Amino acid sequence: MLKEKTWTLKQEGEITKDWLKNPYGFDKKAKKIYSIDTPPPYVNTPIHAGQAVTYCYMDFFARYKRSKGYSVLFPLGLDRNGLPIEHAAEKKFKIRAENVGRDKFLEYCRKVLEESSDISIRTFARLGISFSSYKFGGEIGEGYHTDSENYRKLTQETFIDLWNAGLIYEERKVSNYCLGCKTTIADAEIIYEERATDLYHIKFKVEQGKDIVIATTRPELLCSCAVVLYNPSDKRYKQLRGKHAILPLYDREVLIKPHPIAKPKFGTGLVMMCSFGDLTDIRFFREEGLRPRIAINIDGKMNKNADFLEGLSVKEARKEILKRLKEAGLLVKTEKTKQRAPICERSKDKIEFILLKEYYLKQLNFKEKILRIAKKVNFYDENSRQILLDWINGLSEDWPLSRRRYYATPIPIWKCKKCGEKVLGKKGKYWQPWKESPQKACKCGGKLEGEARVFDTWFDSSISPLYILGYGRDSAFFKKAFPCSLRPQGKEIVRTWLYYTLLRSYQLTKKTAFKDVWINFHILDAKGKKMSSSLGNVVDPIKILEKHGSEAFRLWAAIEGNIARQDLRISEEKIAGEFKTLIKLWNVSKFVSSFKLKGQPKLTETDRLMMNYMDSLVEFADKNYAEYNFFEPAHKLRHFLWEIFASHYLELVKARAYNTDMRFSKEEQGGAIFTLHSCLRGLLKLFSPIIPAITYKIYKEIYNGNIHNEDFPKTVRPFKVKAKLESLLEVNSKIWKAKKDKGLSLKAAVKRIDLPKRYENLKGLLPDLEAAHNTDIVFSAVKEIRIKF
RNA sequence: GGGCCCAUGGUCUAGUGGUUAUGACAUCUCGUUUACACCGAGAAGAUCCUCGGUUCGAAUCCGAGUGGGCCCACCA
């Protein structure tokens, strides 16, 4: 029996708090295991409403799978490696990493981490997320930090394994160099920004012939021009074939030749290939085997290859060379153009292409394999698969792993200062090569120097499924539980987190990392803009939760749209609106709970109709939940609650359930009570993954059990029922409306109601109908329902 | 340049060949307190983006276009 008058935020808070004390745990000995590779959020900023929604979904999945008999591995992970942490430390303490010394800087980073770590955890707890554990530790199922010794050790061990397998090499190559972060980054970390820029038309002399004009956006790279191209189909320049152009100001000859890369319509149709203005150039040099003449140094300044521009920054150099060209009358014209400039995903700084020695992980050799895997994994929604396929198909370089940064996993490698021999750390220990080494000296007697660089943070993140399943530390369990059941993640990190994880898992285990991948789209702000801290439109979930509660938030998340298919716009109004459904559920439960079943029930036609409908709901929810679709079932459940169960069934069987004037037999009364409870239990259970707190509370008070430990409802064999639900809804509505129109209350007695023959399927419901409408009902030859008042 | 997704009342959303086009939120009217005023009954509000085609019949299928969002790519 429900005691409290209504559902309140206070009750909700008490329940979620209580869950923290008794988390679900994870039984690694269980027969059926379902594992979720949760995306560890960055800890330096609290999670925003968008992330909160995605965690609600993961919690739907986890709770559903538990009710299907799985022990669910649902770990709480926090990402604490990498640039966001460093940036936060630099900002907070107003320092620069390169000025304070490595150990000091790491300390600053740790300080930032200590203060920020539990804001997100509190939000998760308030949301009622059923992580396997809220405790952090090394056991399977416990929370983890990506910067813990355990985790970093595993990252280093996988490096050692890959090195020994011959998949890692060090090489001097053109690298994407972020001027802000001062490190190489991978192609996957580059994004593009549409920019207006100037296109300069510059006059070149040609050996024996007329001058030509070439358009470029990077005049400061003139010195590194290796060849001039025109399109083979471009008749204007046919006669230039094999001739040489003379670089203005530098007086160096470069070959002119046809190549399809040059677009006749762009600029003058002539293009100078420099090392390196953009990715096009890099690819071209690579394919043509041209030797690059690098003009920009690691500090972003021009080097001696640029001659008179040496020592200037790129920006200054451009200004200077334009001045000189103008003076020499070689700058023909300047026009505006649009350019997609590569920028760093993290810092949004410009990328320059610079020759640097870095460690690389081979990935080009694995393209075909990973493509095959990408086609094999189940994608929810299926359309999201294409994002991954496109990315794999477009790969053109191996993965540069080394980063010239600090707060990340160190690369466990040492180099002999004398003979150059490389020494690797041994597995089983977390290494910090700049302050320790695995052996005193090299075999040759030379001194070992520890590697100062660290790994790309994706090199850490991409082993998360291996880590959570005990790779390297609990082999028996890993063997049983791998591949991981589900990877839930955002579409924007398909090219990084998902791709890298599939690659690494394959390289290390020869297996596909996941069975299912669930890709979520974005949560937009109320105006439809993507939430991001830089735009300042981030919605803090804590505030919403305090005002409307997590249950309303979760129900809204499920019902507002299908986030696996499209973006979702946040609306506080709608979230508030969902609270009504919670109250409705509460009140219906309160009503049902006032009846106790005594004796053997006898189900009437009305009851059987309801039981059948409930069955179809169970089946529908089960099928969709299994495909990570909570959106449609949530709609159906809500509709059932309001429009069928409360409005019609309840009204119809009230008289029989109370049975005050003994109009029905004891067994028939029992039938109503049995069915009321049966439907309520089913409804609560189907709703329980979505709104776990209120269903928990109601179930506990009425049925004295933990709803989250109950199995998912089973469908019973359908009863034979002649009555049609649609007919019932129609008849009720029409009678109620007619009474309304007469100004009568819904319960008011009328003399007689004639129903047309088409409603004869309702014959079995007559006793309930007559009681509910307080009248005698007959079937007759009328065309429409006729009421005698 | 290639590819993907989306387009339905003020807002959001359901609807994959035949419906008076679903529902929610918001608006308006009337009513009601023994499950529920975070309630009930009802009203108003939609050229289902445009144009073609297939079909007896299209919001639904096909084609083209327009407008959004996104991904990839060798726009100097």
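The chains referred to below are lettered A, B, ... by the order of the sequence lines, with proteins before strands, and numbering in each begins at 1. What you are looking at is a predicted structure, and each value in this text was computed from that prediction instead of being measured.
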Anything under 3.5 Å between a protein N or O and an N or O of nucleotides 68-74 of chain B, put it in a table, one pair a line.
unit_1 : atom_1 : unit_2   : atom_2 : d
B/C72  : OP1    : A/Arg495 : NE     : 2.7
B/C72  : OP1    : A/Arg495 : NH2    : 2.4
B/C72  : OP2    : A/Arg495 : NH2    : 3.3
B/A73  : N6     : A/Arg340 : NH1    : 2.3
B/C74  : OP1    : A/Arg283 : NE     : 3.0
B/C74  : OP1    : A/Arg283 : NH1    : 3.2
B/C74  : OP1    : A/Arg283 : NH2    : 2.5

By the 4.0 Å heavy-atom rule, please label [X] as base, sugar-phosphate, or nothing.
X        : result
A/Glu651 : base
A/Ala576 : nothing
A/Met272 : sugar-phosphate
A/Phe266 : base
A/Leu582 : nothing
A/Leu650 : base

Handout entry: Cationic N near anionic O, under 4.0 Å, A/Arg286 to A/Asp281
Key =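 No, A/Arg286 and A/Asp281 are not salt-bridged.
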OP1 or OP2 of [N] sitting under 4.0 Å from any side-chain N/O of [X]?
X        : N     : value
A/Tyr658 : B/A35 : yes
A/Lys584 : B/C38 : no
A/Arg569 : B/U11 : no

Practice task
Taking the side chain as every heavy atom from C-beta outward, state whether A/Thr606 and A/Leu769 have any atom pair closer than 4.5 Å.
Solution key: no
Problem - Any side-chain heavy-atom pair of A/Leu9 and A/Leu545 under 4.5 Å - result: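 No, every pair of side-chain atoms sits at 4.5 Å or beyond.
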Handout entry: Backbone of A/Ala341 reached by a side-chain donor or acceptor of A/Glu193 within 3.5 Å
Key =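 Not at all, since once roles are kept as given, no pair shorter than 3.5 Å links the two residues.
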Handout entry: Crowding at NZ, A/Lys367 (>12 non-hydrogen neighbours, <6.0 Å)
Key = yes
Is there any protein nitrogen or oxygen under 3.5 Å from a nitrogen or oxygen in nucleotides 22-31 of chain B, and what are the pairs?
none

Problem - side chain to side chain donor-acceptor pair (under 3.5 Å) against A/Gln386, all qualifying residues, sequence neighbours excluded - result: A/Asp390
